[in-house]
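In what follows, every chain begins at residue 1, and chains take the letters A, B, ... in the order their sequences are listed. The shown structure was predicted, so the numbers you read here are calculated from the model rather than taken from an experiment.
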Amino acid sequence: LAKTTQPISMDSYEGQEVNITCSHNNIATNDYITWYQQFPSQGPRFIIQGYKTKVTNEVASLFIPADRKSSTLSLPRVSLSDTAVYYCLVALNYGGATNKLIFGTGTLLAVQP
Amino acid sequence: EAGVAQSPRYKIIEKRQSVAFWCNPISGHATLYWYQQILGQGPKLLIQFQNNGVVDDSQLPKDRFSAERLKGVDSTLKIQPAKLEDSAVYLCASSFGGVGGETQYFGPGTRLLVL
């Protein structure tokens, strides 16, 4: 069954760079890969989105290899306020013309002082 | 710009009762999504509307869950009758177009507890 998988948790210290990877083996051909951040009792919040290669914005970078079967979210110089759960969201192809929007399993990032 | 609004924020019901959630998407957004997020898991898509038509409802338990978006703006999600395993946060999101994994904007969610 096609799915997306992420590490359950990661620990880091303030000022470090953090890389979180999502594996998505049946990704649909034409859809984007999107990453969201979620704090307790809030809805997910958009971080970054890409299709292939590398995308960078003011808060993160996203690395996508040519086969698009994985993606890596890179957070430069994390701070305590980056402690949250991070999800990838992709459209997976289950065969035929139907694509399914699937969130990853989520990675809890804990940033320590 | 106002965000996605949801109500109520919290709801406690007993099993076999019915419950309804309401969502008002960002103005001008054609696509609306309802997700179920069980504690410790990622959101699971229940239903996706584009305007007032259903794009995907393959993971909606249709024997007890229903959703509508009559005028292509607000939406309601109903559970009847509720089961214990329906305890979760119900998230509503909207996007401008909805094609190709467009950015979704989420509301704060409705936390449902079924006793």
Side-chain angles (χ1 to χ4, degrees), chain A residues 1-9 20 22-24 27-52 55 57 62 64 68 71 84-108, chain B residues 1-11 21 23-26 29 31-50 54-60 88-113:
Chain A
L1 180 66
K3 59 180 181 179
T4 62
T5 55
Q6 302 176 230
I8 293 175
S9 63
I20 305 173
C22 178
S23 299
H24 27 77
I27 188 170
T29 305
N30 298 318
D31 283 4
Y32 284 89
I33 298 165
T34 312
W35 283 79
Y36 290 84
Q37 176 191 55
Q38 188 175 30
F39 296 111
S41 301
Q42 295 185 23
R45 185 171 70 113
F46 172 84
I47 302 174
I48 195 167
Q49 183 180 68
Y51 181 72
K52 59 171 60 176
V55 178
N57 63 18
L62 179 59
I64 304 169
R68 298 190 354 111
S71 58
V85 179
Y86 292 82
Y87 292 99
C88 60
L89 173 63
V90 300
L92 296 183
N93 188 285
Y94 284 81
T98 303
N99 295 330
K100 302 294 183 185
L101 285 175
I102 301 293
F103 269 90
T105 49
T107 299
L108 173 59
Chain B
E1 176 183 83
V4 175
Q6 291 187 246
S7 68
R9 290 297 311 275
Y10 306 92
K11 190 74 176 178
F21 313 128
C23 174
N24 181 238
I26 293 173
H29 279 194
T31 303
L32 185 147
Y33 314 79
W34 281 104
Y35 289 90
Q36 179 193 59
Q37 187 172 27
I38 294 172
L39 186 64
Q41 299 182 18
K44 181 180 81 171
L45 180 67
L46 293 176
I47 189 167
Q48 176 182 350
F49 292 96
Q50 184 145 9
V54 175
V55 174
D56 182 3
D57 64 355
S58 58
Q59 298 192 92
L60 186 73
V89 176
Y90 291 84
L91 295 163
C92 179
S94 69
S95 65
F96 183 73
V99 178
E102 210 169 59
T103 300
Q104 298 179 36
Y105 298 85
F106 284 81
T110 296
R111 188 174 300 271
L112 174 68
L113 178 61

Problem set entry | Nearest-0.5 Å distance that lies between atom CD in Q59(B) and atom CG in L101(A) |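 One finds 10.0 Å between CD of Q59(B) and CG of L101(A).
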Exercise. How far does CZ of F103(A) sit from NZ of K44(B), to the nearest 0.5 angstrom?
Worked result: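 Between F103(A) CZ and K44(B) NZ, I get 13.5 Å after rounding to 0.5 Å.
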Problem set entry | Engaged part of Q38(A) at the chain B interface, taking heavy atoms whose separation is under 4.5 Å |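 Contact with chain B is through the side chain of Q38(A) alone.
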Exercise. Is chain B contacted by the side chain of L89(A), its backbone, both, or neither, given a heavy-atom distance below 4.5 Å?
Worked result: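 Only the side chain of L89(A) comes within 4.5 Å of chain B.
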For this session: Output all residues satisfying side chain to side chain contact (heavy atoms under 4.5 Å, CB included) with K52(A), sequence neighbours left out; order by chain, then residue number.
Result: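 With sequence neighbours excluded, K52(A) shows a side chain to side chain contact (heavy atoms under 4.5 Å, CB included) to R68(A), given in chain and number order.
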For this session: Could you tell me whether the side chain of P43(B) reaches within less than 4.5 Å of the side chain of Y36(A), counting heavy atoms only?
Result: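 The answer is no; the side chains never approach within 4.5 Å.
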Exercise. Hey, are the side chains of Q104(B) and T34(A) touching, using non-hydrogen atoms and a 4.5 Å cut-off?
Worked result: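 Side chain of Q104(B) against side chain of T34(A), heavy atoms only: no contact under 4.5 Å found.
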Minimum heavy-atom separation for [X] to [Y], with atom names?
X	Y	result
S41(A)	R9(B)	O-NH2, 3.7 Å
Y87(A)	Q41(B)	OH-O, 3.2 Å
G43(A)	L91(B)	CA-CD2, 3.9 Å

Exercise. At a heavy-atom separation under 4.5 Å, does Q6(B) approach chain A through its side chain, its backbone, both, or neither?
Worked result: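 Nothing of Q6(B), per the 4.5 Å heavy-atom cut-off to chain A.
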